[in-house]
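Inspection log for the structure reproduced underneath, given as structure tokens.
In what follows, every heavy atom counts, from backbone to side chain, and hydrogens, waters and symmetry copies are set aside. Below, chains carry the letters A, B, ... as their sequence lines are ordered, and counting in each starts from 1. Bear in mind that the values here come from a model prediction, so they are computed numbers and not experimental data.
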Amino acid sequence: MSTSDLHLYNTADRTVSKFTPLVPGKVGIYLCGATVQAPPHIGHIRSGVNFDILRRWLAASGYDVTFIRNVTDIDDKILHKAVHEEIPWWAVAMKYERAFSDAYAALNVLPPTYEPRATGHISQMIQLMQILIDNGSAYAPGNGDVYLNVRSLKEYLTLSGQKLDDLQPAEDADLTFKKDPRDFALWKGAKPGDPSWPTPWGDGRPGWHLECSAMAHTYLGESFDIHGGGLDLVFPHHENEIAQSTAAGWGFSKIWMHNAWVTTSGEKMSKSLGNSLQVQELLKKVRGIELRWYLGSAHYRSMLEFSFEALEEASVNFRRIEGFLNRASEILGGEIIPSISAEFSIAMNDDLAVPAGLASISEEVKLGNTAISANDDKALAVHAGRVRGALQILGCDPFDPVFASTSGASTEIIDGLISLALEQREAARARKDFSTSDSIRDHIAGLGITLEDTPSGPRWSISTALPKEKGN
RNA sequence: GGUCGGAUGGCCGAGAGGCGAGGCUCAGGACUGCAAAUCCUGCCACACGGGUUCAAAUCCCGUUCCGACCUCCA
């Protein structure tokens, strides 16, 4: 069913329209990944989650998806950090690249098809600059820099809808080498002590924008379907990518998708405090699957106002769904076969309307629970399958091995110990010694284990990944 | 100054002219030894002022407030 009815919002024309891939059955996506100069915060990872959901939905819709997410491993901030931390720049880049990889893995963001690093594509960047210089779109003033001549472009700033002359001119740039203050650097001439690579125009290092044009071209060709990134990349980064690539004669991306921010106190995160909303910190409070559920639950184009209360609420909501799937799995005595309901499909096809999809999941959970009460295993299998299928698209399938927190061996031991306690509790209940049975229950609950008495006997589940530690 | 978004119940969050998405919280009920889990019921909101319409949260005009981008940004 590669002829899906998917509609997507395109920043380029600010409308939602039907998605038609350039090559039937295939989709190429380029997502601007991280500049690895600090640990990832949830804003970074939201972008990863949002586009991971897009990717999973495309795949589920029958498309063969090539998903590229780059790593910017050379830039001013990395260089500054290297000086500050007194380690080589490449050690800074690797340290934070690993931090990002860990965060992506913890939130079940699938590894991209290819994950190119900027420094691994210098020759492709030089080739692109050569094309641009040869056709008069770019110039090398002789100091090692290479600039794009924005006045030479047929079109510029089409994504952000701005006028070149309305832009506040950059103050920092050494205007001496630029023909126009709005020209931007493709390549930055080497400064003493900084890493550099040789080019026909002198030694230097890549400008930020050039990297993505070169890497997208390398892995996806001259034209591809979707280019994604955070809303703040629209200008200048994506405008400049478009400028470079189209000036080279490439078709470049057909659809531009931008995720909104995670905000705190109504403001973009990076503007507010240097805060503690790093992924690793939050994973001490909630499980990765719950953090993902939270970040993925809002529509990707809506601002997500972060609060610990909202995060906790999302966790509670998710556990309800997870609890249902666990119950269903035990009752059905086997793996739940995932399926996609019509409601969920319609929601996702409407520019990834996850919130509407969530409503359909809630409905299926309710129907499934009702089926359990009615001992209707056939209906239960249907509803549980739809819930699991939807969760898989959202990357929140609790049965996904990615989220298994304990090894099989230790789970068996725990299971044995809990069962022992439960047997004693049942014995106490049988002789109406409720103070003893409740004491056992309270003790188990204190360990973060939830007990449910079902018609077929008590069952237990770990309610949190970590011992309860209430804070915030 | 230019460009672009946003304002929905106690809270989070959809929707985009007419049946009040969904979740969380709270209250009541069923079930339970008591709980938990689950189900049922209840809680009738769309920044403000005008207008259009049989009908407006949704369309139009105006206002207020909040935010983003304008060469570091997810």
**OP:** Using a 4.5 Å cut-off on heavy atoms from C-beta on, say whether the side chain of A/M348 contacts that of A/E343.
**Re:** no
Subject >> Sugar-phosphate, base or nothing in reach of A/H237, heavy atoms under 4.0 Å >> reply: nothing
**OP:** Treat a base pair as Watson-Crick or G-U wobble with both distances under 3.5 Å, then lay out RNA chain B in dot-bracket form, 5' to 3', with | for cross-strand pairs.
**Re:** (((((((..(((.....[...))).(((((.......)))))....(((((..]....))))))))))))....
**OP:** In whole angstrom, give the distance that lies between atom CD of A/E364 and atom P of B/rG22.
**Re:** 14 Å
Original post:
Is atom CZ of A/R151 surrounded by more than 12 heavy atoms (other residues, nucleotides or ligands) closer than 6.0 Å?
Top reply: yes
Subject >> Span that lies between the C1' atom of B/rU63 and that of B/rA21, in whole angstrom >> reply: 31 Å
Original post:
Is it the case that more than 12 heavy atoms not belonging to A/Y114 sit under 6.0 Å from its OH atom?
Top reply: no
Subject >> Per A/D232 side chain, nearest of listed nucleotides B/rG22, B/rC69, B/rG13 >> reply: B/rC69
**OP:** Figure out the NE2/P separation between A/H238 and B/rC70, and round it to whole Å.
**Re:** 14 Å
Original post:
Across the strands shown, which category fits A/E305 at heavy-atom distances under 4.0 angstrom: base, sugar-phosphate, nothing?
Top reply: sugar-phosphate
Subject >> Distance, P atom - from B/rU32 to B/rC48, rounded to whole angstrom >> reply: 48 Å
**OP:** Describe the nucleic acid contact of A/I42 in one word from base, sugar-phosphate, nothing, applying a heavy-atom distance below 4.0 Å.
**Re:** nothing
Original post:
In whole angstroms, how far is the C1' atom of B/rA74 from the CZ atom of A/F306?
Top reply: 16 Å
Original post:
Centres of the A/H258 and A/H238 rings: under 6.0 Å?
Top reply: yes
Original post:
Atom CG of A/N240 and atom P of B/rC72: how far apart are they, to the nearest Å?
Top reply: 11 Å
Original post:
When the P atoms of B/rC61 and B/rU52 are considered, how many whole Å apart are they?
Top reply: 15 Å
Subject >> Near-ring test A/Y219/A/F224, centroid separation under 6.0 angstrom >> reply: no
**OP:** Measure from OH on A/Y9 to C1' on B/rC4 and round the result to the nearest Å.
**Re:** 9 Å
Original post:
Nearest to the side chain of A/W261, which nucleotide is it out of B/rU71, B/rA68, B/rU3?
Top reply: B/rA68
Subject >> salt bridge (Lys or Arg N to Asp or Glu O under 4.0 Å) contacts in which one or both residues fall within residues 108-119 of chain A, not counting sequence neighbours >> reply: A/R69-A/E115, A/E97-A/R117
Original post:
To the nearest Å, how far apart are A/R182 CZ and B/rG2 C1'?
Top reply: 11 Å
Original post:
A/I242 pairs by side chain to side chain contact (heavy atoms under 4.5 Å, CB included) with which of A/L153, A/L159, A/L157?
Top reply: A/L159
**OP:** Summarise how protein sits on nucleotides 23-38 of chain B as a single string, 5' to 3': B when a protein heavy atom is under 4.0 Å from the base, S for sugar-phosphate-only contact, - for no contact.
**Re:** BB--------BBBBSS
Original post:
Given the P atoms of B/rG29 and B/rA36, what is the spacing between them in whole Å?
Top reply: 13 Å
Original post:
Quick one: which of B/rC70, B/rU71, B/rA74 gets closest to the side chain of A/H209?
Top reply: B/rU71
Original post:
Taking the same atom, C1', in B/rA68 and in B/rG51, what whole-Å distance lies between them?
Top reply: 31 Å
Original post:
Nearest nucleotide by nearest heavy atom, which residue falls closer to the 5' end of RNA chain B, A/K163 or A/L358?
Top reply: A/K163
Original post:
Which whole number of Å gives the distance between the C1' atom of B/rA7 and that of B/rU58?
Top reply: 15 Å
Original post:
To the nearest angstrom, how far is A/E312 atom CD from B/rC12 atom P?
Top reply: 16 Å
**OP:** Fit a plane to each ring of A/F51 and A/Y300, take the angle between them on a 0 to 90° scale, and name the class: parallel (under 30°), tilted (30 to 60°) or perpendicular (over 60°).
**Re:** tilted
**OP:** Check every atom of B/rA14, B/rC69, B/rC4 against the side chain of A/R14 and return the nucleotide holding the closest atom.
**Re:** B/rC4
**OP:** Take atom CG of A/L54 and atom P of B/rA74, then tell me their distance rounded to the nearest Å.
**Re:** 19 Å
**OP:** Ignoring backbone atoms, test whether A/S302 places a side-chain nitrogen or oxygen under 4.0 Å from the OP1 or OP2 oxygen of B/rA14.
**Re:** yes
Original post:
How are the rings of A/Y30 and A/H227 set relative to one another: parallel (under 30°), tilted (30 to 60°) or perpendicular (over 60°)?
Top reply: tilted
Original post:
Could A/K179 and A/Y139 be counted as a cation-pi pair, given that NZ or CZ must be under 6.0 Å from the ring centre and within 45° of the axis?
Top reply: yes
Original post:
Distance between the P atoms of B/rG22 and B/rC43, in whole angstroms?
Top reply: 13 Å
**OP:** State, yes or no, whether a side-chain contact exists between A/S137 and A/N149 at a heavy-atom distance under 4.5 Å.
**Re:** no
Original post:
Given that A/L367 and A/R301 both sit by RNA chain B, which one's nearest nucleotide is further toward the 5' end?
Top reply: A/R301
Subject >> Nearest-angstrom distance, C1' atom, B/rG17 to B/rA57 >> reply: 10 Å
**OP:** Give A/G229 one of three labels, base, sugar-phosphate or nothing, depending on what nucleic acid heavy atoms sit under 4.0 Å from its own.
**Re:** sugar-phosphate
